[in-house]
Each structure stands twice: as structure tokens, then as C-alpha cells.
Amino acid sequence: MNRRVTPWPLVGPATLMFFGLVVVPLTLTVILSFHGYNHTTGIENRFTLTHYQAILSDSYFLGIFWRTLRIAALTTVICAAIGVPEAYVLARMRDPWRSVFLLVIIGPLLVSVVVRAFGWSMLLGSTGLVNQAFMAVGLPTTRLLYTETAIVIALVHVMLPFMVIPVWTSLQKLDPAVEAAALTLGASPFTTLRRIVLPQVTMGMLSGSLIVFGLSASAFAIPGLLGGRRLKMAATLVYDEYMHELNWPLGATIAILVLVANLVIMLAYNHAVEARMRRTMG
Amino acid sequence: MAFLALRSLSKVFGDFAAVRDVDLGVEKGEFVSLLGPSGCGKTTTLQMIAGLAEPTAGTILLDGRDITNEKPNKRGLGIVFQSYALFPHMSVAENVAFGLEMRGVNRAEREARVKAMLQLVRLSEMAERYPRQLSGGQRQRVAIARALVIAPPVLLLDEPLSNLDAKLREEMQFELSRIQRSTGTTTIMVTHDQSEALSISDRVVVMEAGRMTQIDAPFHLYENPANAFISSFVGKMNRLEGQMRGGAAVIAGITLPCAPAGLSEGTAATFTIRPEKIALCAAGQGLIDGTITSRFFLGNTWLMQVETLAGSLAVSLPNQGEEPPRPGSPVALDWPASALRVEEGG
Ligand SMILES: Nc1ncnc2c1ncn2[C@@H]1O[C@H](COP(=O)(O)OP(=O)(O)OP(=O)(O)O)[C@@H](O)[C@H]1O
Ligand SMILES: [Mg+2]
């Protein structure tokens, strides 16, 4: 086959899929967000910016956006704090333990998010295992379910593999002699970890953080099931606008705003970290 | 007493002894090479000295102090790893400064010492570069500078030149011994390249299957290999089976002059002779006649294979600007009696 022609059939399926499943629906959503809406007549075929104005000036919506951002950021930070040491320990393990624990870490991915969310709601409920344990040691029962804490706990559980795997991959590329070199130069094991190992896995942490943040900010099932009706996040809000209020243009506007905010945050973060990395690691 | 001493040092992996009962004393300021084939335990020995591998048995003494169980970050030895193991996220200057920083040396002194060290390894212009922006030889010099700047009592080098091309390697050998002499650092270098070991060391330690079988100055080692393995591992060697009769070697019925040996009449022995000690002359004018079967041009020398009644002998001739006879030509071989020797330990 002609060398110039070959790439097209190869990228064809992916392009088609991207176009059909991402570009077209996204464009339709953008168009929809500029449509008018009337409670009695439904969607009106006229161009308007009222939805954008309404959302950006309404503290109810802004509060939900802010909560979404806060929960996603907190989940990302906790995932990094747990996932990076976990990946390090995993990288230091030998077979067969490594394979066993790798399976344990990616295990949650094999269970449906809905099932896991229900599992957490059983654990965190007012008579759940966690509160029973609190009572057993004499602590007062705490309301956990339908709080931000519950959402963060469950999100961390779901997102951890997305942090561990990229960090673990970048740890695999590390030359063990580099750590040994730091030790022989007088660095303590902890200093070696902080000054030598961590800076070299920044790239893995960056990609892990982006995945975790993006997925958390758009999480639907977990805030839906563990946040309850009151504690909404962006995705559950969009769902409600579409399915309960039937105000599709408003739902579309929220979706677009969340997408834009997400993109801006992730690109800025990526840019900041990558610029620093390129200078040193190449 | 030796500055660095290994006493009956052993390392066993499972049921495999990588290093067996090794004894070695290294004097202050000495340059010692560990030479041996792949898998003989050189790296393992070095790692035990550095504290990166725990000995199964034996002790390591540094300046009379037992350091066998001391952590690597407390030993303060300088190590250059085979892969250089530079910190990829730090500049050359930061790499070199790391050890001083860990020792709590203040910034001003640190900068001065790093500068002086980079000057010594001739990398002053590269101070702000990152390892990935350096050539192999430059990286290696950074690794050496990083190990030397902490003024270690002992410098350990694990095949430091094995990744370099022949020319750079020779330059670096020269550089390494220049730096070692100017700092006077006690140095142990692992290598499997015999010419490298011979050219820059004060003494060479030959290792075979976890044991140290000969420890000698390079010239003495080359001239008096302790056993058959060493004689063929260090340089090339012709080996001929025969007997000792009347102070001469009798090989395949041919009597040839040889160096005196304390062997009784008629004892079977293996005789050895280095290819470069044999001279080629016109047929009938040497000690033994033969026919050239092959010849290889190596630039500075010609390596010939000559078939004689006593067996096939390798002969190495310096290239003096004239082509030697072609394969098939009849020739004769000559050597001084002292060149043909009875093999030790054979
Ligand atoms: N961690 C280990 N577990 C089991 N066997 C090992 C281990 N490390 C080394 N060995 C074995 O010990 C022997 C000596 O290894 P070592 O690395 O010291 O060899 P070496 O002399 O440095 O060889 P080379 O020239 O190839 O680097 C080898 O046979 C090797 O297979
Ligand atoms: Mg080795």
C-alpha cells in the first residue's frame, strides 16, 4: 500500500468514533445551551445567553461548582498521598507478592461503581459497620452517609488505581543504582526517597492526578448515591436539570461550564508541571 | 596492616556461592583492579565493600575499623556505578554537590569544592547542564567527580569504562589514573578487560568463580600467571603438552629449549609461550619448522597461526611496515629459551 495512504485506514476507526461519540454530541450540547426555555412550552428555538447569566450569577449553582472542585481536588490530593507510597512499596515487592497486590489494587475496577457505592453506603450508614465500630470503642455515632466525607472516601477508593498505576510505571523505569548512589553519598533512606525518587516520578504523579481529578469532577454514581438528594455535584446537577426539571438547555449549559472549567484547570496544571519537568528531565 | 582489608569474605545467594572466602589487603593510595570473567563475583565483592550487599560471612576492615555491618550512608566510600547512576533531575553541579550537601557542608565551601572538582575532571563548562545533555565520557567524569568530591577514603569503580568506545576508553583510562594519582585516593576498579587492568593498576586481582586466584603487579601477573585459566585470560598463550628431559622440553618427539624448571627427568608437563615472544624466520633457520595456516592484520600487529610438528602455535608480530609471508608459506619459529616455560599449577 502507498506509504502516504496507509495512515488513514489506521486512524480511520478511531477518528470516526471520536467524531461520532465526542464531537457531534458536544456540538449539539453547545448549540442546545444557547436555546431558550419556557416552563409551559419547553425548548424555544431562539438564541439566548440567559442560561449562562443565570448560572454564573446564582449562588446555588456556584456553590455546587465550588463543592465539585473542592471534592475533586481533595480526592486528588488524598489519592496522591496514599497512592504514591503504595506504588513505591509495590515496586519494591517481589513476585509473587507483587502480582497479588497489583491485583488487589486494580481489583476495585472489576466491580461496578454502583455496587461499590452501595457497599460504602452500607458501611457508612447510621447503623453501618463504621458506626458500630465507633460505638464499640465508646465514640459517639457520627453521621457519615450523605456527607462530603462519604463522597471523598468512596471516590478515593475508586480512583486510587488511576494514581497507583502511572506512578508505579514511572517507578519501574528508575535505575536502582541511582538510589544506591544517593545512599553511598551519605543520604538517609528517607532523604533518598524525597530528593531522588520522588522528583523522578513527578510525571507519573502528574498523569495520575489529571486522571483522578477529571474523573472525580465528573463523577456521577458516587455523589448520587452517597451524597443524597441534597448534596449535589456537577454531574448529578446536570442529571437533575435534564430528568427532573426537564430544562435541557440549562443542563447543557452546566455541562459545558463544567467541561470548560475542568479543561482550564487540567491544562494549567499540566502546563505548570510539564514546563518544570521539561527543563530538567527532557 | 592494610588500609582496606577483606577477611574470609563470602556471599551466598540461596545455595550459590557468588564470593567464596576472599582475602585481600589494599594499601593506602593503591590502585587495585578486580579482573575476571562475567559472573565471577566482582560486582558482588564491590557491593559488599560499599555496603550495598550484606556479606554472608567474613569481615571488612577500613583503617583498622570493622565496617562489616555499617550502613552504606555511614561508610562514606565513593562509588562509580557501571551505569553511572547520575541523578537525572539535577544539573552536573547539583549532582556533584549532593554528597557535600548530605554532609552539611555550607554553601560557599560546597560551591568552591564542586568548582575545583569539575576543573579536575575538565567539566567546568558543563556545570549547568543536565546528565541527558552529556556524552557518555562526560557522564562518567561527572560520576567520578561526584564520588571524589566527598574525599572518600576509598573509591570503588564498577566497570566504569565498559560503555565507552575504544578511543574514549583509552583516554579515560589515562584520565582516571591521572585523577587517581593527583588525589592519592585508594581505588578498587572492577573490570573484565585485561588490558585495562594491566595498564592502570598497581596490582591486579584475578577472580574465578568467586575466588581470588592471583594477586600481583601487572607485569609479574602477565609474566607469571598462576594457573592455566589466568594464562589464557590475561593475554594470549600457546600451550603444548610434553615432558621435561635433560633440561629441555620434549614435545611430540621434538626437543626444544626452555626455561629451567624444578621438575624431575621425564615428568609430563604443559609448556607455555606467549605469541609475541616467538620470532618468525626463514624455513630451516629456527628452532622448529612450520607452515602458516592463517594471518590476521590487527593494525599494530599481525596475528599468525603456524602449524608445526609440535602443534599449532599463535605468533604475534609487530607491524614494521612489511607484509609477512602469506598462508601456505613455509617458515621457521625461534624464541629465547626463557620464553618457553612450564605452566604453574598444571
Ligand atoms: N541477587 C542475586 N541473587 C542470586 N544470584 C546472584 C545475585 N546477584 C548476583 N548473583 C550471582 O552471583 C554471581 C556473581 O555476580 P556478580 O554480579 O558479582 O558478577 P560479576 O563478576 O560482576 O559479573 P559481570 O562481569 O558480568 O558484571 C553471578 O553468577 C550471579 O548470577
Ligand atoms: Mg558486574
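In what follows, chains carry the letters A, B, and so on, assigned in the order in which the sequence lines appear, proteins first and then strands, with residues in each chain numbered from 1. The model shown is predicted, which means the values in this text are computed figures rather than measured ones. The analysis underlying the following values was restricted to heavy atoms, covering all of them including side chains, and did not include hydrogens, waters or symmetry mates.
- Comment: A:Glu179 engages A:Arg92 in a salt bridge, judged by a side-chain N to carboxylate O separation of less than 4.0 angstrom.
- The side-chain tip of B:Arg146 points at the ring of B:Phe87 from less than 6.0 angstrom away and within 45° of straight on.
- Atom OH of A:Tyr88 has more than 12 neighbouring heavy atoms from other residues, nucleotides or ligands inside a 6.0 Å radius.
- With a 4.5 angstrom heavy-atom cutoff, B:Leu100 does not touch chain A via any of its atoms.
- Using a 4.5 Å cut-off between heavy atoms, B:Gln82 does not touch chain A at all.
- Between B:Glu101 and B:Arg107 no salt bridge is recorded (no basic side-chain N to carboxylate O distance below 4.0 Å).
- Contact count against chain B (heavy-atom pairs under 4.5 Å) is highest for A:Ile196 among A:Thr192, A:Thr202, A:Asp175, A:Ile196.
- Here the straight-line distance linking atom CD1 of B:Ile144 with atom CG of B:Leu155 works out to 7.5 Å at 0.5 Å rounding.
- Per-residue heavy-atom pair counts under 4.5 Å with chain A were compared for B:Arg103, B:Met102, B:Lys71, and the maximum is reached by B:Met102.
- Among B:Gly99, B:Ala85, B:Pro152, the residue making the largest number of heavy-atom pairs under 4.5 Å with chain A is B:Ala85.
- A salt bridge is absent between B:Lys42 and B:Asp158; no separation between the charged side-chain nitrogens and carboxylate oxygens falls under 4.0 Å.
- If you measure heavy-atom distances from B:Arg75 to chain A, you find no contacts under 4.5 Å at all.
- Using a 4.5 Å cut-off between heavy atoms, B:Leu52 touches chain A through its side chain atoms alone.
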